[in-house]
Amino acid sequence: VTQDDIRFQERIDAEDKIEPRDWMPDGYRRTLVRQIAQHAHSEIVGMLPEGNWITRAPSLRRKVALLAKVQDEGGHGLYLYSAAETLGVSRDELVEQLLAGKAKYSSIFNYPTLTWADIGAIGWLVDGAAIMNQVPLCRCSYGPYARAMVRVCREESFHQRQGYELMLALANGTAEQKRMAQDSLNRWWWPSLMMFGPSDDQSAHSAQNMAWKIKRFSNDDLRQRFVDATVPQAEFLGLTIPDPDLRLNAETGHYDFGAIDWTEFNEILKGNGPCNRERLEARRKAWDEGAWVREAATAHAAKRAQREMKKVG
Amino acid sequence: VTQDDIRFQERIDAEDKIEPRDWMPDGYRRTLVRQIAQHAHSEIVGMLPEGNWITRAPSLRRKVALLAKVQDEGGHGLYLYSAAETLGVSRDELVEQLLAGKAKYSSIFNYPTLTWADIGAIGWLVDGAAIMNQVPLCRCSYGPYARAMVRVCREESFHQRQGYELMLALANGTAEQKRMAQDSLNRWWWPSLMMFGPSDDQSAHSAQNMAWKIKRFSNDDLRQRFVDATVPQAEFLGLTIPDPDLRLNAETGHYDFGAIDWTEFNEILKGNGPCNRERLEARRKAWDEGAWVREAATAHAAKRAQREMKKVG
Amino acid sequence: MSNDTQQALFGYALRLGDTSLVLGHRLSEWCGHAPELEEDIALTNVALDLVGHARLWLAYAGEVEGKGRDEDRLAYRRDVFDYRNHLLVEQPNRDFGHTIVRQFLHDSWAVELYDRLTASTDATLAGIAAKAVKEVRYHVRHSADWLIRLGDGTAVSHAKVQDALDRLWPYTGEMFESDAASATLAAAGIAPDPLELRAAWNARIAEILAEATLSRPADGWMQKGGLRGEHSEHLGFLLAEMQFLPRAYPDATW
Amino acid sequence: MSNDTQQALFGYALRLGDTSLVLGHRLSEWCGHAPELEEDIALTNVALDLVGHARLWLAYAGEVEGKGRDEDRLAYRRDVFDYRNHLLVEQPNRDFGHTIVRQFLHDSWAVELYDRLTASTDATLAGIAAKAVKEVRYHVRHSADWLIRLGDGTAVSHAKVQDALDRLWPYTGEMFESDAASATLAAAGIAPDPLELRAAWNARIAEILAEATLSRPADGWMQKGGLRGEHSEHLGFLLAEMQFLPRAYPDATW
C-alpha cells in the first residue's frame with residue numbers, strides 16, 4: 001500500500017469525486033473500465049430485443065414511444081462509452097472486445113422478445129431492476145461515470161413508468177391481452193431477479209468495490225428492494241408473480257421469495273442463452289457491413305481537410 | 001434454296017414430325033431454339049410472381065394448390081430446356097443468356113402480384129392466354145417440342161380452371177373480395193391481350209414460321225379467340241372488363257375490343273417494367289448463391305466415381 | 001368545403017401520411033443495425049419524426065373524411081390498394097448508401113413541399129407543415145451530408161451510391177405527378193401543384209450531386225402507381241408485419 | 001377417451017401439425033430461389049408434402065378438441081404462444097446447406113416417429129402416419145443425399161454444412177422431450193415416448209454424418225420452449241406473413 005493509495009482512499013472516504021486526470025489505482029481504473037464498458041455494451045445490445053417490435057408496435061403512439069426509447073438507449077451507450085474513454089480506452093477498442101465475445105453485457109438481453117407484452121415487461125421489470133442498480137451509481141466515486149448515470153437514470157425511470165403503463169393497458173384489456181401480460185411476467189420475472197447478480201456470498205470483488213464506492217449496496221440488498229417495490233405493482237396489475245414461495249414477511253416487512261435457479265443463468269453466461277449467438281452476430285454484421293461507410297467518412301474528411309489546407313495555404 | 005430445303009418443306013407440308021437427328025435448315029433450328037428457350041425462361045421467371053404469394057395463401061388448401069402449380073411450372077421449364085437441348089444447345093448456355101439479359105421471357109411476368117386475386121388472375125387470364133398460344137404448338141412440326149407441349153398444355157389447362165375457380169370464390173365472396181377481384185382484372189386484362197404479341201401487320205418472321213408450321217395462327221387470330229372465350233367468363237364472374245369499347249359484334253359473332261396501348265408494353269420490353277430488374281436479379285442471385293452447391297455436387301460425384309473405379313480396378 | 005375538395009384533401013393527407021409512415025417504417029428497420037452508433041441514433045430519430053408526421057397527417061385525413069377513422073384505424077386497417085404512399089419510400093432497405101439516397105431524394109421533395117404548405121389556405125395543413133418543416137430541414141441536411149461523404153468518399157462508396165441512385169431514380173417521377181385532385185387543391189390554394197416543386201428539387205439535387213461527384217441519371221421511363229394504390233410487391237409484406245397486432249386482436253386497445 | 005388423453009392427443013396433433021406447417025413454410029420460401037432447377041422442384045415438393053401433412057394433423061387436432069376449429073382456423077388464428085412446433089423448424093433460412101441440415105435433422109426424427117405411429121392404437125393417427133411415412137422416407141433420402149454431397153463435396157461446402165450443423169444442433173434436444181402429455185399417450189399406446197426415437201435417430205445421424213465426413217457436435221445445453229409455446233423471435237414474423245389475409249378479412253372464405 002503506497003502513500004498514493006492511502007491518499008486516494010481518503011478522498012473516496014470524504015466523498016470526493018475522482019476525475020480523469022487524478023491519480024487512481026490500476027485496479028480501480030480496470031474495474032471501472034470493465035463495468036462502464038459492460039454497461040455501455042448492454043445499452044447497445046439491449047436495442048435489439050426492443051427494436052424487434054418497433055415495426056410491429058400496435059399503435060402509432062406506442063411506435064413513437066418505442067422508437068424514442070430505443071434511441072435513448074443508443075444515447076446512453078454514447079455517454080457511457082465517453083465516460084469509459086476518460087479512463088484511457090477508446091470506444092473502438094471496447095467495441096472490438098464486445099464483437100470478439102471478450103466483453104460481457106447484461107445476460108437479460110439474451111432472452112427473446114416474443115410478444116408485445118415483452119416490451120412492457122422490459123420497461124417495467126428490466127429497466128426497473130436496472131434503475132435499482134444504477135441509482136446508487138449516480139453517487140459513484142468516479143465523476144464522469146456518476147454524471148452520466150444521473151442522465152441515464154432520469155431517462156430510465158421514464159422508460160420504467162412507460163413500460164408499466166403499457167402493462168397496465170394490457171392488464172386492463174381483453175382476456176387475450178391479459179394473458180399476454182401474464183405470460184410475459186412469467187418469462188421475465190426470474191431473469192430480472194438474476195440481473196442483480198449472484199448472492200453476496202458468491203460474489204467476488206464486492207468488498208473492494210464497496211470500499212472504492214463503485215458499489216454501494218450488495219446484490220442481495222438491491223434484489224430485495226426490487227422485489228419489495230415490484231410485488232405491489234404486480235398486484236395492482238392483477239398479475240401473478242410466478243413464485244409459489246413469495247410472501248410478505250410480517251416480521252421483516254420484506255417479501256420472502258423462492259430460491260433462484262441459477263442453472264439457466266449460468267448457461268446463458270456461457271453463451272448458451274436463447275439469443276446469445278444472434279445478438280452478437282447482429283452487432284458484428286452491423287459493424288462489418290458498415291465498414292465501407294466508416295471508411296468513406298474518413299476518406300471524405302481527409303479530402304475536405306486537404307482542400308481547406310490548400311485554401312488557407 | 002437447296003434440295004435439302006425443298007425436301008424439308010415437303011416433309012413439313014406432309015405434317016411429318018422433324019426429329020433431332022433429321023436435317024433441318026439453320027433458320028428453323030435458330031427460330032426453335034429461341035422460341036423454346038424463351039418459353040422455358042418464362043416458366044422459370046413465372047415462378048417468381050406466383051411464388052410471392054405462397055407464404056401468404058389464405059387457406060391451407062389454396063397454399064397446397066399454389067405450391068403444386070409453381071412446382072409444375074418448374075417441371076415445364078425442365079421439359080422445355082430438354083427439348084431445346086435436342087437442338088444442340090445446353091441448358092447452362094440458355095440460362096446464361098437469360099441471366100445476362102440477352103434472352104427474352106414473357107413480359108407478363110414483369111408485372112407485380114399485388115393481391116391474392118392476382119394469383120387467380122394469372123391462372124385465369126395469363127395461363128388462359130398461354131394455352132391459346134400453346135395448344136397449336138402441340139402440333140408443331142418439331143417433334144420434341146410438340147410432345148413437351150402436350151404435357152404442358154394438359155397441366156396449364158388444369159391451372160387455368162383452378163385460377164378461374166379462385167376468382168369465382170372472390171367474386172362470390174365479401175365486397176372486399178369482389179373489389180380485389182375487379183382490381184386484379186383491371187390490372188391484368190390489357191397485359192394479357194399483349195401476350196399475343198404485336199398485330200400481324202407489325203409482326204416479323206410470321207410468314208416463315210407459318211410455313212414451317214412452328215406457328216399455325218396469327219397473333220391477332222389468337223388474341224381474338226382469347227377475348228371471345230374470356231368475356232363470357234368475366235360476365236359469369238360478375239366482373240367488368242376494363243375496356244369501354246368492348247362489345248359483341250352481331251355480324252361477325254366476335255367481340256370487338258378497344259385499341260391496345262403498346263407504350264407500356266414497349267417500355268417493359270426495353271427493361272423498364274415494374275419488376276424487370278427484380279425478376280432478373282432474383283434469378284441471378286439464386287444462380288450465384290447456388291454456385292458452391294453445384295460445385296460441391298460435381299466434386300462429390302467425381303470423388304464417388306473415382307472410388308467406384310478403384311473398387312472395380 | 002365542396003365535396004370534391006374534401007375528397008381531394010382526404011387523399012392528399014393520406015398521401016403525405018402514408019409516405020411518412022412507410023418511410024419511417026423502412027428507417028426503423030435499421031434500428032440497432034446501422035454502421036455506427038451515431039447513425040443508429042440519427043436514423044431512429046428521423047424515423048421518429050416521420051412517424052410523428054404520419055400521425056398528424058392521418059389524424060387529419062380521418063377528420064376530413066368524417067367517418068370516424070382515427071390515425072390508427074387508417075394506419076392499421078387499410079390493405080395495399082388503399083395505401084397512397086410514393087413507391088420510392090416502400091423500396092426495401094439494401095445497404096446504408098441506398099437508404100441515404102432514398103432519404104435524400106425524398107427529403108429534397110419534402111422540404112420544398114412542406115415549406116410551401118406552411119402558406120396553405122387550410123389552417124390545419126399549414127400548421128402541420130409549419131411543425132414538420134423544421135424537422136424535415138434537419139433531415140435533408142443529414143441525408144445530403146451523408147450523400148456527399150459517400151459520393152466523394154472512397155471508390156467503393158462512390159460506386160455504391162451511384163448504383164443506388166440509378167436504381168431509385170425511376171421512382172422519383174411520381175413525386176411530381178398531378179391529377180384532378182391535385183388540380184382541385186392547387187386551385188383552392190390548399191396545396192401547391194406537385195409540378196411546382198420540380199425546379200427547386202432539381203436545383204438541390206444538382207447542387208448536392210455535384211458536391212458528391214455523382215452523375216444524375218437520365219429521366220427515362222418513370223414508375224408510377226402508388227397514388228392510385230398500385231404498389232410494388234414489397235408493400236404487402238411491410239403491412240403484414242406492421243398491422244399484425246391490430247388485425248390479430250381487433251377488439252383490443254393498446 | 002379420458003379428458004387427459006384427449007387433451008394430450010390434441011396437443012400432440014398440434015405439435016405435429018405446427019412442426020410440419022412451419023417447416024413447409026420455410027421450405028416454400030426457397031421457391032424460385034434454389035441453386036438449381038431440380039432442387040427448386042424438389043424443395044417445393046417437400047414443402048407441398050409437409051403442408052399436406054399439416055392439414056391432416058390440424059384437421060384431426062380440431063376434431064379431437066371438439067370446439068369446431070378446422071385446419072384453417074388452427075393454422076391462421078393462433079398467435080405464437082399457441083404454436084407448438086419445434087424450435088428447429090422455425091429457424092430462418094440461411095444458405096442451402098443450412099436448409100439441408102435443418103431438413104435432415106428433422107426428417108431423421110420424423111421418419112422414425114411416423115414409422116412407429118403407423119402402429120398407434122388411435123386409428124386416425126395410424127392412418128395419417130401410414131400416408132405420411134411414405135413421403136417422409138423420400139424426404140430423408142433426399143436430405144441425407146444432399147448432406148453427403150455437401151459434406152463430402154468441396155472444402156467450402158464442407159465448412160458451410162459443418163457450421164450449419166453446429167448452429168442447429170442445440171435445437172435437436174426438443175424433439176425427444178417428454179412431458180406428462182407424452183407419458184399419457186405412451187401409456188395408451190397412442191404415440192411412442194419421444195425418448196424412444198433417440199437411439200434410431202442417433203444411429204442414422206451417425207451413419208450419414210460419417211459418410212458426409214462431418215463431425216457430430218457435442219450434446220451440450222439444448223434450447224427448449226417450442227412445446228410450451230416459447231419460441232424464438234422468428235416465429236412471430238413468420239405468422240404475421242402467413243396469417244395476413246385471414247386476419248385482415250376475417251369474414252371471407254377463400
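A, B, ... follow the sequence lines: proteins, then strands. Residue 1 opens every chain. These numbers come from the heavy atoms of this one structure, side chains and all, not from hydrogens, waters or symmetry mates.
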Option in D/Leu238, D/Val156, D/Leu150 with maximal non-hydrogen atom pairs under 4.5 Å from chain B: D/Leu150
Specify which of B/Gly74, B/Ala68, B/Ala299, B/Ser59 makes the most heavy-atom pairs with chain D at under 4.5 Å. B/Ser59
Portion of B/Arg62 that has a non-hydrogen atom of chain D nearer than 4.5 angstrom: side chain
For B/Asn276, check side-chain contact (heavy atoms from CB on, under 4.5 Å) against everything at least two apart and list the hits. B/Asn110, B/Ile268
Crowding at CZ, D/Arg216 (>12 non-hydrogen neighbours, <6.0 Å): yes
Sort out for me which of D/Thr154, D/Ile41, D/Ile148 touches chain B most, counting heavy-atom pairs under 4.5 Å. D/Ile41
Using the rule given for salt bridge (Lys or Arg N to Asp or Glu O under 4.0 Å), can you reason through B/Lys63 versus D/Glu71, listing the C-alpha separation, both sets of side-chain angles and the distance that settles it, and then say yes or no? CA-CA 12 Å; B/Lys63 193 188 287 281; D/Glu71 58 180 57; over 6 Å; no
Less than 4.5 Å to any heavy atom of chain B: does that hold for the side chain of D/Ala252, its backbone, both, or neither? both
Heavy-atom proximity to chain D below 4.5 Å, by part of B/Leu66: neither
For chain D, which residues of residues 286-297 of chain B have heavy atoms nearer than 4.5 angstrom: B/Ala286, B/Trp287, B/Gly290, B/Trp292, B/Val293, B/Arg294, B/Glu295, B/Ala296, B/Ala297
Assert top hit (heavy-atom pairs under 4.5 Å, partner chain B, pool D/Glu36, D/Glu29, D/Lys160) equals D/Lys160
Name each donor-acceptor pair under 3.5 Å that joins a side chain in residues 277-285 of chain B to protein atoms two or more places apart or in another chain, with its distance.
unit_1	atom_1	unit_2	atom_2	d
B/Arg277	NE	B/Glu281	OE2	3.4
B/Glu278	OE1	C/His234	NE2	3.4
B/Glu278	OE2	C/His234	NE2	3.1
B/Arg279	NE	B/Phe109	O	2.6
B/Arg279	NH1	C/Glu233	OE1	3.2
B/Arg279	NH2	B/Tyr111	O	3.0
B/Arg279	NH2	C/Glu233	OE2	2.8
B/Glu281	OE1	C/Arg167	NH1	3.2
B/Glu281	OE2	C/Arg167	NH1	3.3
B/Glu281	OE2	C/Arg167	NH2	2.7
B/Arg283	NH1	D/Gly32	O	2.6
B/Arg284	NE	B/Leu99	O	2.6
B/Arg284	NH2	B/Leu99	O	2.9

Calculate, to the nearest 0.5 Å, the distance between atoms CD1 and CD belonging to B/Ile54 and D/Glu241 respectively. 11.0 Å
Pair count under 4.5 Å, heavy atoms only, with chain B: among D/Leu21, D/Asp95, D/Asp251, D/Asn45, highest is D/Asn45
For B/Gln177 and D/Trp254: C-alpha separation, side-chain torsions, deciding distance, then whether side chain to side chain contact (heavy atoms under 4.5 Å, CB included) applies. CA-CA 9 Å; B/Gln177 286 177 299; D/Trp254 304 91; 3.4 Å; yes
For D/Leu43, is it the side chain, the backbone, both, or neither that has a heavy atom closer than 4.5 Å to a heavy atom of chain B? neither
Part of B/Leu78 lying under 4.5 Å from any heavy atom of chain D: both
Check whether any side-chain heavy atom of B/Leu60 lies under 4.5 Å from a side-chain heavy atom of D/Leu58, and answer yes or no. yes
Quick check on the interface: out of B/Arg61, B/Met47, B/Glu73, B/Glu50, who has the most heavy-atom pairs with chain D under 4.5 Å? B/Arg61
Relative to chain B, which segment of D/Phe244 carries a heavy atom at a distance below 4.5 Å: side chain, backbone, both, or neither? neither
Examine whether an atom of D/Trp146 lies under 4.5 Å from a heavy atom of chain B, and if so say whether it belongs to the side chain, the backbone or both; otherwise answer neither. side chain
Give the interface residues of residues 148-171 of chain B toward chain D, defined by a heavy-atom separation under 4.5 Å. B/Ala169, B/Leu170
Select one option (side chain, backbone, both, neither) describing which atoms of B/Thr174 are under 4.5 Å from chain D's heavy atoms. side chain
May I have the step-by-step check of side chain to side chain contact (heavy atoms under 4.5 Å, CB included) for D/Met242 and B/Thr55, ending in yes or no? CA-CA 5 Å; D/Met242 182 174 98; B/Thr55 57; 5.9 Å; no
Contact check, side chains of D/His33 and B/Leu48, non-hydrogen atoms, under 4.5 Å: yes
Determine the minimum heavy-atom distance between D/Val51 and B/Val64, stating which atoms define it. CG1-CG2, 3.7 Å
Bottom line for D/Asp40: the part with an atom under 4.5 Å from chain B's heavy atoms is side chain
